[in-house]
Number of protein chains: 2
Amino acid sequence: MSITNLIASHNERFTPTDRRIAEAVLEDPMLLTFGTASAVAERVSTSSPSIVRFATKLGFEGFSELQQSVREEISKQFTSPSHRARQQDESVAPVQLKIEDAVHAAFDALTPECIKAMALPIVVAKNVWILSGETSMAGAIALASGLSMIRPNVRLVQEHSASRDLCGALAEDVAVVFDFSRYRRNSVIAARTLADLDVPIVAITDGPLSPLSSLTEYRCELDVPAVGPFDSSVPAVIAAELLVSQVVTELGDEALNRIDRLEVFWQATDTFLVTSPPTKP
Amino acid sequence: MSITNLIASHNERFTPTDRRIAEAVLEDPMLLTFGTASAVAERVSTSSPSIVRFATKLGFEGFSELQQSVREEISKQFTSPSHRARQQDESVAPVQLKIEDAVHAAFDALTPECIKAMALPIVVAKNVWILSGETSMAGAIALASGLSMIRPNVRLVQEHSASRDLCGALAEDVAVVFDFSRYRRNSVIAARTLADLDVPIVAITDGPLSPLSSLTEYRCELDVPAVGPFDSSVPAVIAAELLVSQVVTELGDEALNRIDRLEVFWQATDTFLVTSPPTKP
DNA sequence: ATAGTATTGTACCATCCGTTACAAGAGTAG
DNA sequence: CTACTCTTGTAACGGATGGTACAATACTAT
């Protein structure tokens, strides 16, 4: 059993110090492999006995035995051919390259100006309506989730209730539409209808040929790579997150206050499990 | 200069014992890396001072310094580039770099073995229940969307109806849980309850310290970068998409048939706007 | 408020390590 | 054979390490 799994299986019996030790050890495995117990202790600002106790809690006789276990683990990885294979084997990763390329391309397309332009109508809108096709649903969710934390009146429009929801949309609002390549009829028609009603449209889509592109100048054009038989929604998610980030910047205190109030609710309703202490020094 | 080269360049000034030491050290590098001077001495049937002299002859101050040199050599090979980048780049890196780093790190973590291991219970499961926290919702959506196209009985569990949905979960099913850093109480407790009911758990989370990690060995550990005030869901989405891709591979024709039937429905209901020519060869 | 528990740090000890000083031995030239 | 050098092992030392006992502290529940 690897040291990582071992830590995972014991992490519920950890004291706060144990947790700090675990974090440090996982972050820098060499510390445990080569260092002394005192060195680990100093790294996490605690005493060596705590390190020893940590080791015993993991089922070892003491620190030495834990260290030996880690060393054996490393030894095996080092003598086995799989490590060397992983080291220099860039061939079995076409998907990785495609996605990383797409991510890079997305940032090329999402220039600060582009993001600012798209953020503008969202900042001033009374209501934000978010529409999405299938492959870009993850992006829509990311946007809806992020935006609704920093401003009111953000609605993710579900397909089955689109008309009911959207019939209230006005020119002071904004509609953010995600859709790619095989454009979903519903999304596009809804967007077109909204545009006809003078509702500003922000389009996250895939090129000038998209039916969404003709509806608005607030848009970005992304390439979507294929992962297996389906299209990746990673670029859409990135666009959504950058957009949220920009809107936060422009809303300023208004957004921050809302986050604060949200935090109060989270605390009051005990939404989160453990508020682990921030690891920043 | 590597230790091998160092030995080669000094091999003319070696005494017979030095030569034996050199042979042993080259044959089993771990001996020098982890062992003590006495251990090396015993291995070559000599005394520890000879080991020290060997080290000094190589230009080091003593055995300790030689060993440290070897350890540093190993450390460099072992620390992944993304990890190293993170190590020395704790400043306010631009969002692009942070996300690109995170994407790279995600692929480091999501090894083929890891993906295969996580896909396995999903392939054989009767029902797939997908749970998620807030920041990882986009990943959950991506998974739910992708999986439901290639196999039946995939349900995204909404928070307000979690208990109602999950009370039907059985040991033949699988629960895929997304959650990160500030773990949502609901998700974690639901996952724990399912685990107690012997429902296999697949966890997409952020490290061995996650409360989800102790529930299952089918899991991956991702780093989530911050974008503005919130955490990015890009790594979670990548994990979801790779997972879908792997399940497609393992289901084989079963998945492809379902995609075909889905396509028939799409055609019949005129779901898409322009039937652009399919890009599949 | 208080008793009890859990957690963490301090002080100390036995051990082992690397190093060094020194002596014993091997080989060699005269 | 002798004197010299080179090589190697033994013995001892200073230092640092991991481990343990114990006390102080924080926290919890009654």
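This structure is a prediction, so every number in the text was calculated from the model and none was measured. What you see below is based on every heavy atom in this structure, not just the backbone, and it leaves out hydrogens, waters and symmetry mates. Here is how names work: the chains are called A, B, and so on, in the same order as the sequence lines, proteins then strands, and each is numbered from 1.
- Between C/dT8 and A/T15, a contact under 4.0 Å exists linking OP1 or OP2 to a side-chain N or O.
- Residues A/T33 and A/Q67 bring no donor and acceptor atom of their side chains to less than 3.5 Å of each other.
- The CZ atom of A/F63 sits 17 Å away from the P atom of C/dC16 (whole-angstrom rounding).
- Here the nucleotide nearest the side chain of B/A37, chosen from C/dT8, D/dT20, C/dG18, is C/dG18.
- One can place CZ of B/R19 at 16 Å from C1' of D/dT8, the figure rounded to the nearest angstrom.
- When the P atom of C/dG18 is taken as reference, atom CD of B/Q68 falls 13 Å away, rounded to whole Å.
- Of the candidate nucleotides C/dT8, C/dC17, D/dT8, D/dT8 has the atom lying nearest to any side-chain atom of B/T17.
- Considering only the side chain of A/R53, C/dG9 comes nearest among D/dT17, C/dG9, D/dT10.
- Contact annotation: A/S38 does not reach the phosphate of D/dA16 (side-chain N/O to OP1 or OP2, under 4.0 Å).
- With C/dT19, D/dT17, D/dG9 as the candidates, the nucleotide lying closest to the side chain of B/S48 is C/dT19.
- Taking the six-membered ring for Trp, B/F54 and B/F14 have ring centres closer than 6.0 Å.
- Under a 4.0 Å N-O distance rule, the pair B/R182/B/D231 does not qualify as a salt bridge.
- The distance between atom CD of A/E42 and atom P of D/dA16, rounded to the nearest whole Å, is 13 Å.
- The distance between atom CD of A/E61 and atom P of D/dT17, rounded to the nearest whole Å, is 21 Å.
- The side chain of B/S50 places an N or O atom within less than 4.0 Å of a non-bridging phosphate oxygen (OP1 or OP2) of D/dG9.
- When rounded to the nearest whole Å, the span between CZ of B/F34 and C1' of C/dG18 equals 19 Å.
- In the model, B/E221 has no side-chain atom that pairs as donor or acceptor with a side-chain atom of B/T205 under 3.5 Å.
- The pair A/R151-A/E250 fails the salt-bridge criterion, with no side-chain N (NZ, NE, NH1 or NH2) lying under 4.0 Å from an Asp/Glu carboxylate O.
- Of the candidates D/dA11, C/dC17, C/dA11, the closest approach to any side-chain atom of B/P49 belongs to D/dA11.
- If you take CZ of B/F14 and C1' of D/dT8, they are 16 Å apart, rounded to a whole angstrom.
- Nearest nucleotide to the B/S47 side chain, out of C/dG18, D/dG18, D/dG9: D/dG9.
- Residue A/D18 contributes atom CG, which lies 6 Å from atom P of C/dT8 at whole-angstrom precision.
- OP1 or OP2 of D/dG19 sits under 4.0 Å from a side-chain N or O of A/S64.
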